[in-house]
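Computed from heavy atoms alone, side chains included, the values below leave out hydrogens, waters and symmetry copies.
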Amino acid sequence: MEETQGHYYPSSMPESTLSSDNGGRSNFVGQVNRGLGVPGLKKRGHGTRSWIKIDQDGNSQTLTLDKGTIMRNCALPSRDLRLLDPMFIYPSTILGREKAIVVNLEQIRCIITADEAILMNSLDGSVGQYRAELCNRLQKEKTDDLPFEFRALELALELTCTSLDAQVKELEMEIYPVLDELALSISTINLERVRRFKGHLLALTQRVQKVRDEIEHLMDDDGDMAEMCLTEKKMRSDGYPLNDYLQTISSGSGRVISRSAPASPERSTSGLQMLQRAFSSIGNSSKHGSSVGSSDNGERIEPLEMLLEAYFIVIDNTLNTLFSLKEYIDDTEDFINIKLGNIQNRLIQFEVLLTAATLVAAVFTVVAGVFGMNFKAAVFDYPFGFHWVLIITGIACASLYIAFLYYFRYKNVLPS
């Protein structure tokens, strides 16, 4: 993993400067590393932000740190710090590095090491809650079996899952009455409210899905979980000195090598042989380190795996609630489409009846128009002849309309 340290070396300066005393040299090196007072060097301390530092004892303090300081102390590349930059919007991410865990979960953005948690200071309530809760737990629960980095990560996951679950429940309480009202009365106002809620639901689903996928990715990769065991890696790196190691080896064989006692040639030879054997044993152990390490990974990552599994169940339940809510919205939309289709069918039926009535009225109008012409006919010689024509025409038109109705019902165009 490539790391950007960003050091400036004083060896490129003139010799007169380097030949100064130790105090002046240290002050000068400090100035060079900060990029102050030396023309031509880029200032590395730009972009300072306010951070909250929480140690293992639950003590917290607010500091102003720059990116270079964090990168050097936590051995992080600059691209990992960009995930924590509030000026950019990145999805939820949990990264395990050599000396730190980079956590970007909603509003909680922090760097967790084996000894401390560096939390980005913000006015958001989640940051203050994380700070207060972590300090409280560290001060009261000092005998917890989990290492510090797991406890800090657990609190970040807990607050994130709790916040997302609360938002889902709030959305659920708001959207169900609107959907029920829309099912009863289809109006433009209700449709607009459902459209806004649906957009909020999709955005919340993406956020919950990303957190779930990140936890699932960590659970599926034992190597990433092993990278997050910072306390164990730190204890392993803080090994015994070589002399103490050799003394331990010799004491196990019943002989103690004293560094102050004079040594005879035979003893010196045996000591040299023991040194060679010690180095050979170290080399053999390094050859088989990968196989032994792979077998020990299961025991090492078991607490972290159980922790991630617990919160995976919580976030998966939240995601299922969102899916159920989306299905309820889809069912309501299908019901509305069916209801609108039924109304449209009724309008079509009414249009059919109106068209048939218009046809019958047109027939009656044609007959009346024909007899309204100026021509001589025998029917006009009778006083009530025209009345009988109107009566017979009306009866014929009514019969025709009734015939149309029976035909439409026979063809299932109209309900019976």
Side-chain angles (χ1 to χ4, degrees), residues 1 3-4 45-56 58-138 148-167 203-204 206-215 217-218 224 227-228 230 304 307-308 311 314-315:
M1 181 177 59
E3 298 179 0
T4 306
H46 64 88
T48 58
R49 297 187 183 277
S50 178
W51 298 81
I52 300 174
K53 178 181 176 181
I54 305 174
D55 58 13
Q56 292 181 343
N59 302 319
S60 65
Q61 56 180 337
T62 303
L63 304 174
T64 301
L65 302 174
D66 54 37
K67 292 183 178 179
T69 303
I70 298 176
M71 290 166 57
R72 287 190 299 269
N73 294 339
C74 301
L76 292 176
S78 59
R79 62 177 178 271
D80 289 345
L81 293 182
R82 295 192 191 100
L83 298 176
L84 307 179
D85 196 338
M87 301 299 295
F88 301 97
I89 300 177
Y90 288 98
S92 298
T93 308
I94 302 175
L95 299 177
R97 295 298 186 239
E98 181 65 25
K99 296 182 180 180
I101 301 174
V102 181
V103 179
N104 178 19
L105 294 175
E106 296 294 319
Q107 300 301 326
I108 301 177
R109 304 180 179 188
C110 61
I111 301 173
I112 304 172
T113 64
D115 302 324
E116 60 189 11
I118 305 175
L119 176 66
M120 179 169 288
N121 197 1
S122 174
L123 298 177
D124 191 85
S126 301
V127 176
Q129 185 179 3
Y130 181 85
R131 176 181 185 176
E133 185 66 23
L134 182 59
C135 293
N136 187 26
R137 292 186 181 183
L138 292 175
F148 172 78
E149 65 271 14
F150 291 173
R151 299 176 67 181
L153 178 62
E154 180 184 11
L155 182 58
L157 290 172
E158 179 182 346
L159 294 181
T160 301
C161 295
T162 303
S163 175
L164 292 175
D165 188 66
Q167 296 179 37
L204 188 57
Q206 292 178 357
R207 291 162 54 193
V208 175
Q209 181 74 49
K210 181 57 182 175
V211 176
R212 179 189 178 276
D213 292 344
E214 191 66 24
I215 297 176
H217 172 72
L218 291 175
D224 289 346
E227 284 288 332
M228 299 170 68
L230 304 179
L304 178 59
L307 187 149
L308 294 175
Y311 289 100
V314 175
I315 200 68

Peer 1: Among T160, L119, L157, L153, whose side-chain contact (heavy atoms from CB on, under 4.5 Å) with V103 holds?
Peer 2: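 Going through T160, L119, L157, L153 one by one, the side-chain contact (heavy atoms from CB on, under 4.5 Å) with V103 is satisfied by L153 alone.
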
Peer 1: For D85, check side chain to side chain contact (heavy atoms under 4.5 Å, CB included) against everything at least two apart and list the hits.
Peer 2: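 For D85, the residues satisfying side chain to side chain contact (heavy atoms under 4.5 Å, CB included) (neighbours in sequence not counted) are R49, K67, M87, F88.
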
Peer 1: I'd like to check E214 versus T93 (side-chain heavy atoms, cut-off strictly below 4.5 Å). Are they in contact?
Peer 2: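 Yes, at least one pair of side-chain atoms sits under 4.5 Å.
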
Peer 1: Which residues pass the side-chain hydrogen bond (donor to acceptor under 3.5 Å, both in side chains) test with E158, sequence neighbours left out?
Peer 2: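 Only R137 meet the side-chain hydrogen bond (donor to acceptor under 3.5 Å, both in side chains) criterion with E158.
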
Peer 1: Rounded to the nearest 0.5 Å, how far does CE of M71 lie from CG of D66?
Peer 2: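 Reported value, rounded in 0.5 Å steps: 10.0 Å.
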
Peer 1: Is there a side-chain contact between M228 and E149 (heavy atoms, below 4.5 Å)?
Peer 2: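 No, too far: nothing below the 4.5 Å cut-off.
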
Peer 1: Using a 4.5 Å cut-off on heavy atoms from C-beta on, say whether the side chain of L81 contacts that of I111.
Peer 2: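 Side-chain contact under 4.5 Å: yes.
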
Peer 1: Mind checking salt bridge (Lys or Arg N to Asp or Glu O under 4.0 Å) for E227 and listing every partner two or more places apart, or none if nothing turns up?
Peer 2: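 E227: salt bridge (Lys or Arg N to Asp or Glu O under 4.0 Å) contacts with K233.
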
Peer 1: Which residues satisfy the side chain to side chain contact (heavy atoms under 4.5 Å, CB included) test with S50, sequence neighbours excluded?
Peer 2: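 S50: side chain to side chain contact (heavy atoms under 4.5 Å, CB included) contacts with T62, N121.
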
Peer 1: Give a yes or no on whether the backbone of L83 and the side-chain of N104 come within a donor-acceptor separation of less than 3.5 Å.
Peer 2: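 Yes, the answer is positive, given that a donor and an acceptor are paired below the 3.5 Å cut-off.
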
Peer 1: Suppose we screen for side-chain hydrogen bond (donor to acceptor under 3.5 Å, both in side chains). Which residues come up paired with T113, at least two apart in sequence or across chains?
Peer 2: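 Applying side-chain hydrogen bond (donor to acceptor under 3.5 Å, both in side chains) to T113 gives none.
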
Peer 1: Please examine the side chains of C110 and I54, heavy atoms only from C-beta on, and report whether any two atoms are closer than 4.5 Å.
Peer 2: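 They are not in contact (no side-chain heavy atoms under 4.5 Å apart), so the answer is no.
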
Peer 1: Using side chain to side chain contact (heavy atoms under 4.5 Å, CB included) as the criterion, list what pairs up with Q56, not counting sequence neighbours.
Peer 2: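 Once residues adjacent in sequence are excluded, the partners of Q56 under the side chain to side chain contact (heavy atoms under 4.5 Å, CB included) criterion are D115, F148.
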
Peer 1: What distance separates L138 CG from R151 CZ, expressed to the nearest 0.5 Å?
Peer 2: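 Between L138 CG and R151 CZ, I get 5.0 Å after rounding to 0.5 Å.
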
Peer 1: Does the side chain of I70 reach to within under 4.5 Å of the side chain of W51, using non-hydrogen atoms?
Peer 2: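 They are in side-chain contact.
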
Peer 1: Do V208 and Q167 come close enough that some side-chain heavy atom pair is under 4.5 Å?
Peer 2: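 Counting from C-beta outward, V208 and Q167 never come under 4.5 Å.
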
Peer 1: What distance separates D124 CG from Q129 CD, expressed to the nearest 0.5 Å?
Peer 2: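 Taking CG in D124 and CD in Q129, the distance rounds to 9.5 Å.
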
Peer 1: Excluding sequence neighbours, so at least two apart, what forms side-chain hydrogen bond (donor to acceptor under 3.5 Å, both in side chains) with S92?
Peer 2: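 If we apply the side-chain hydrogen bond (donor to acceptor under 3.5 Å, both in side chains) test to S92, skipping adjacent residues, there are no hits.
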
Peer 1: With sequence neighbours excluded, what pairs up with Q209 under the side-chain hydrogen bond (donor to acceptor under 3.5 Å, both in side chains) test?
Peer 2: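 Scan of Q209 (side-chain hydrogen bond (donor to acceptor under 3.5 Å, both in side chains), adjacent residues dropped) gives D213.
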
Peer 1: What is the distance from atom CD1 of I101 to atom SG of C74, rounded to the nearest 0.5 Å?
Peer 2: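 With rounding to 0.5 Å, CD1 (I101) is 11.5 Å from SG (C74).
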
Peer 1: May I ask you to test the L65-K53 pair for a side-chain heavy-atom distance under 4.5 Å?
Peer 2: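 Not touching, per the 4.5 Å side-chain cut-off.
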
Peer 1: What pairs with R131 under salt bridge (Lys or Arg N to Asp or Glu O under 4.0 Å), at least two apart in sequence or on another chain?
Peer 2: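 Partners of R131 by the salt bridge (Lys or Arg N to Asp or Glu O under 4.0 Å) criterion come out as none, since no residue qualifies.
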
Peer 1: What distance do L159 atom CG and E106 atom CD have between them, rounded to the nearest 0.5 Å?
Peer 2: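 Here the interatomic distance stands at 11.5 Å.
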
Peer 1: Go through the steps for L95 and L76 under the test side-chain contact (heavy atoms from CB on, under 4.5 Å), then give the verdict.
Peer 2: CA-CA 11 Å; L95 299 177; L76 292 176; over 6 Å; no

Peer 1: Quick one: list whatever passes side chain to side chain contact (heavy atoms under 4.5 Å, CB included) with C161, sequence neighbours left out.
Peer 2: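 By the side chain to side chain contact (heavy atoms under 4.5 Å, CB included) rule, C161 matches Y311, V314, I315.
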
Peer 1: Partners of D165 by salt bridge (Lys or Arg N to Asp or Glu O under 4.0 Å), sequence neighbours excluded?
Peer 2: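 In terms of salt bridge (Lys or Arg N to Asp or Glu O under 4.0 Å), with neighbours along the sequence ignored, D165 is linked to K169.
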
Peer 1: Looking at every non-hydrogen atom in both residues, tell me the closest pair between A152 and L134 and how far apart they are.
Peer 2: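 In this case the closest contact between A152 and L134 is CA-CD1, 4.2 Å.
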
Peer 1: Which residues satisfy the salt bridge (Lys or Arg N to Asp or Glu O under 4.0 Å) test with R82, sequence neighbours excluded?
Peer 2: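 R82: no salt bridge (Lys or Arg N to Asp or Glu O under 4.0 Å) contacts found.
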
Peer 1: What distance do L155 atom CG and I108 atom CD1 have between them, rounded to the nearest 0.5 Å?
Peer 2: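 Rounded to the nearest 0.5 Å, the CG-CD1 separation comes out at 6.5 Å.
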
Peer 1: Is a donor on one side and an acceptor on the other found under 3.5 Å between the side chain of N136 and the backbone of A132?
Peer 2: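 Such a contact is absent between N136 side chain and A132 backbone.
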
